[in-house]
Protein chains: 2
Amino acid sequence: METRRDVFQAIADPTRRDIINMIAHKSLNLNAIADQFDVSRQAISLHIRILVECGLIEIKKQGRERICEARLQKLAEVQRFIQQYEVFWNNKLDALGEFLDRKNTSIS
Amino acid sequence: METRRDVFQAIADPTRRDIINMIAHKSLNLNAIADQFDVSRQAISLHIRILVECGLIEIKKQGRERICEARLQKLAEVQRFIQQYEVFWNNKLDALGEFLDRKNTSIS
DNA sequence: TTTTTGCGCAAGCAAATGCTTGCATGTATA
DNA sequence: TATACATGCAAGCATTTGCTTGCGCAAAAA
């Protein structure tokens, strides 16, 4: 049912973006992450599960700890989506963008 | 209450990403957009409202029609988030990435 | 071995999300 | 003017989301 875990949805939540930020350069265990937030450990655990399910985090068991490591390659999918529209805010192509804009104000 | 309309959340929904795709190069009125989907016109209307609220779409009234134009500059915010992690999947920096990865497997 | 620590599981809940149908209204068109 | 079209508004509803608390269990520490 909830196989809808895609990366776009995963990064939609600000807490999850914070978690990504937190472990991007330094892997942390679950409780160390949860300590940084005001919400309960369990809430963070659920966020992490979502990140795991969509491939943005990998968990390595180490004794009783779960070390969360960032696997951010999946963000490339989002980048691909964004990049195709980069033309619309990129300075060097602003002229083109506005041109297309004006050209299509009226529908066919 | 629902001023939580941020761009990340807006693009989390596949239908809304489709809408963005649809009007990126060609502005369309609301019904023309809704016709492309299986869901009701009203459902699409709500999606468009969300896109308007976060600044990704601008509506120009034209007679009885509402022309939806893409204003994708706001996507730059997402790009900024993504770009800081580009190093983690960029080939030329893979070595560095893996190095940092290994280095931080154990928490401090 | 007893206790503490790290974490998962499960139930419960309020709010948000995505969708629908029905009705209202302004704007073109016949 | 009567009618068809483009759209908004509102109510209702099922599902998902984000969160909480309480319990259980295995691993580490005392």
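Just so we're on the same page: letters track the sequence lines, and every chain starts at 1.
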Query raised in the report: Distance check: side-chain N/O of N31(B) vs OP1/OP2 of dT7(D), anything under 4.0 Å?
Result: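 For dT7(D), OP1 or OP2 has a side-chain N or O of N31(B) closer than 4.0 Å.
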Query raised in the report: Can you tell me if the side-chain N/O atoms of S45(B) get under 4.0 Å from OP1 or OP2 in dG8(D)?
Result: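 True: S45(B) side-chain N/O within range (under 4.0 Å) of dG8(D) OP1/OP2.
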Query raised in the report: Are K74(A) and D6(A) ion-paired here, with the side-chain N under 4.0 Å from a carboxylate O?
Result: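 Salt bridge flag = no for D6(A) with K74(A).
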Requested in this report: For the pair E58(B) and K60(B), find out whether any cationic side-chain nitrogen is under 4.0 Å from an anionic carboxylate oxygen.
Outcome: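 Salt bridge absent between E58(B) and K60(B).
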Query - Which residues share a side chain to side chain contact (heavy atoms under 4.5 Å, CB included) with T15(A), sequence neighbours left out - result: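 Checked T15(A) against side chain to side chain contact (heavy atoms under 4.5 Å, CB included); matches are D13(A), I19(A), F37(A), I44(A), H47(A).
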Whole angstrom value for the distance that separates [atom2] of [N] from [atom1] of [X]:
X	N	atom1	atom2	answer
I33(B)	dA6(D)	CD1	C1'	13 Å
K61(B)	dG26(C)	NZ	P	11 Å
I67(B)	dC5(D)	CD1	C1'	14 Å
F8(A)	dT16(D)	CZ	P	21 Å
Q9(A)	dT15(D)	CD	C1'	12 Å
L30(B)	dT27(C)	CG	P	17 Å
I48(B)	dT17(C)	CD1	P	18 Å
I59(A)	dG6(C)	CD1	P	15 Å

**Report entry** Ring centre gap for F8(B) and F8(A) strictly below 6.0 Å
**Finding:**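 Between F8(A) and F8(B), which both carry aromatic rings, the centre distance is not below 6.0 Å.
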Query raised in the report: Between CD of Q36(A) and CG of N31(A), what distance do you get to the nearest 0.5 Å?
Result: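 One gets 11.5 Å once the value is rounded to the nearest 0.5 Å.
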Requested in this report: Output the distance between atom CD1 (I59(B)) and atom CD1 (I67(B)), rounded to the nearest 0.5 Å.
Outcome: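 Reported value, rounded in 0.5 Å steps: 9.5 Å.
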Query raised in the report: For nucleotides 18-30 of chain D, read 5' to 3', which letter fits each nucleotide if B means a protein heavy atom sits under 4.0 Å from the base, S means only the sugar-phosphate is that close, and - means neither?
Result: SBBB-----BB--
